[in-house]
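Read the structure below first, then the notes.
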Amino acid sequence: MMTRRIADILKNGQPDESVKVQGWVRTKRELKDFAFVEVNDGSSMANLQVVLNPDLADYATVIKQLNTGASVEVEGVLVESPAKGQRIELKASSAKVFGEADPETYPLQKKRHSFEFLRDIGHLRSRTNTFGAVFRVRNACATAIHNFFQERGFLWIHAPIITASDCEGAGEMFAVTSFNLDKVPRTEKQEIDYTKDFFGRPAYLTVSGQLEAEIMAMAFSNVYTFGPTFRAENSNTSRHLAEFWMVEPEMAFCDLQGDMDLAEEFLKYIFKYVLETCAEDMEFFNQRIDNSVLATADNIINNQFERLTYTDAVKLLEKADKKFEFPVSWGLDLQSEHERYLAEEKFKKPVIVTDYPAKIKAFYMRLSDDEQTVRAMDILAPKIGEIIGGSQREERLDVLEKRIEALGMDAKTLWWYLDLRRFGTVPHAGFGLGFERLVQFMTGMANIRDVIPFPRAPLTVEF
Ligand code: ATP
Ligand code: MG
Ligand code: MG
Ligand code: MG
């Protein structure tokens, strides 16, 4: 008999149907004449209740083995459930235990565990309700992202992980080396001799696939990346990881306006998709994690995002009757507390801030006619702050060359990037969405480490 997923049985199963399920025991209740076992296979939040009778072969042994955490295969017949809150249950005709879990040492006890504790047992936390829901929602977000772009004719491109260019120019790159770190070859001046390294020059883990996406957009018009990116920055915050996933669409023949419109439509689309496909999980987050989760989703889907310039944002922040930790003044970057104030308190919805000072933004952004600001946009979300960063790109060769020179960057290493402006240049734009920040925003989870299966961050961290 084919194994059926529990989500499917709970939704579509009919009385008298014979089924086989496989999963892990969540709870066991022994009564005088029979036992109830709740089984979960990860396909849904809800468990399937299995009823075991003493006429089952090896009843006594099986019941003894079926403790929380044990893996089991059950065959039987579906029956209407007399219990409240569940439509159907499984009357077992056979049960096979694959692996027991000792109740004395199994770390997941029948109580609420703190997320900090669960991070320490990352190999088991996916068996809890919260992490089951998180990773199902994460999967739905990823599906929605691909659907959104594929429906619109975007090409999914695969940017390299190992690269030589620091796209953001922020010096947050992890070096990649084949050297044995105890015996790194040095030059006579005691510098590291990269000519002897694997690539013959310094190499790094990518901080963004944008520059490669631009290359591909200059042939395919509309493309997107969706892959891991790495930053050696302060990850001791609740919204930074050393390894995170980014979604980066890049559109040829597109300006900042088109970029913002696409980003807003994109976020609305993902929220709609997740509400439709993960209703039960979203309900759970709303009840157990953050009681504004469903209202936030509704807000995203049904309201236009607020749009304002950086200059106006700074004015609002200067006028705010709130004490900020970090200073606000034209020319300084917005900090997360400022971003959150705008989205959470001032406008109570996502805010798109545009036209940032050129000085605080990356070299590739399109300089405006005032020569002080660039056509950049950040989307700020309540509770999170920046969730998307995007811009129109500088398509004019002479302006770009001047910018690269002014920043002291090496134009020679960017010859290919400049070539794109030499041959058939077009206005183009794109943005980067932090995938984990999206999942955080959607689920209400407070810490970004709890929305990625295997968080990468410095070990010595206290929260
Ligand atoms: P922040 O100001 O929060 O440090 P950023 O401006 O440095 O972000 P960008 O270079 O604009 O980040 O990257 C695009 C998006 O990637 C951000 O809007 C954010 O959603 C996400 N992101 C950036 N850094 C991280 C990180 N360390 N961990 C998780 N997501 C990140
Ligand atoms: Mg940063
Ligand atoms: Mg930022
Ligand atoms: Mg940014």
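Order of listing sets the numbers, starting from 1, for every ligand and every atom in it. Everything quoted here is computed from the prediction, not taken from an experiment.
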Quiz item: Considering only heavy atoms of E233, which atoms of ligand 1 have at least one such atom less than 4.0 Å away?
Solution: 24 (N), 25 (C), 26 (C), 27 (N)

Quiz prompt | Intermediate values then yes/no, side chain to side chain contact (heavy atoms under 4.5 Å, CB included), L316 and Y341 | solution = CA-CA 10 Å; L316 284 177; Y341 168 80; 5.5 Å; no

Exercise. Taking only heavy atoms of I388 into account, list the atoms of ligand 1 that are under 4.0 Å away from them.
Key: 18 (O)

Practice problem: List the closest protein heavy-atom neighbour of atom 1 (P) of ligand 1: residue, atom name, distance to the nearest 0.1 Å. | Solution: H240 NE2, 3.6 Å

Quiz item: Which is it for R437 and ligand 1 at heavy atoms under 4.0 Å: side chain, backbone, both or neither?
Solution: side chain

Quiz item: Which residue supplies the protein heavy atom nearest to atom 5 (P) of ligand 1, what is that atom called, and how far is it?
Solution: E386 OE2, 3.7 Å

Exercise. Check step by step if salt bridge (Lys or Arg N to Asp or Glu O under 4.0 Å) holds for K272 and E276.
Key: CA-CA 6 Å; K272 251 191 235 157; E276 276 166 27; over 6 Å; no

Quiz prompt | Residue among F148, F266, F441 satisfying ring-ring contact (aromatic ring centres under 6.0 Å, His included) with F271 | solution = F441

Exercise. Please say whether F244 places an N or O atom under 3.5 Å from an N or O atom belonging to ligand 1.
Key: no

Quiz prompt | ring-ring contact (aromatic ring centres under 6.0 Å, His included), paired with F149, selected from W156, Y224, F220 | solution = Y224

Exercise. Run the numbers for me: atoms of ligand 1, each under 4.0 Å from some heavy atom of G432, listed by number.
Key: 14 (C), 15 (C)

Quiz item: Are the ring centres of H338 and F326 closer than 6.0 Å?
Solution: no

Quiz item: What residue and atom, counting heavy atoms only, is the protein's closest point to atom 9 (P) of ligand 1, and at what distance?
Solution: R231 NH1, 3.5 Å

Quiz item: When you measure from atom 28 (N) of ligand 1 to every protein heavy atom, which one gives the shortest distance, and what is it?
Solution: L241 N, 2.9 Å

Practice problem: Among all protein heavy atoms, pick out the one at the shortest distance from atom 20 (O) of ligand 1; state its residue, atom name and that distance to 0.1 Å. | Solution: I387 O, 2.8 Å

Exercise. Could you please give the number of protein N/O/S atoms within less than 2.8 Å of the Mg ion (ligand 3)?
Key: 1

Quiz item: Looking only at N/O atoms, are G434 and ligand 1 under 3.5 Å apart anywhere?
Solution: yes

Quiz item: Of all the atoms in ligand 1, which lie at a distance below 4.0 Å from a heavy atom belonging to R239?
Solution: 3 (O), 28 (N), 29 (C)

Practice problem: Check each heavy atom of I448 against ligand 1 and say whether those closer than 4.0 Å belong to the side chain, the backbone, both or neither. | Solution: side chain

Quiz item: Does any N or O atom in L433 lie less than 3.5 angstrom from one in ligand 1, N or O only?
Solution: no

Practice problem: Please identify which atoms of ligand 1 are closer than 4.0 Å to at least one heavy atom of G389. | Solution: 18 (O)

Quiz item: Between Y204 and F230, is the gap from one ring center to the other below 6.0 Å?
Solution: no

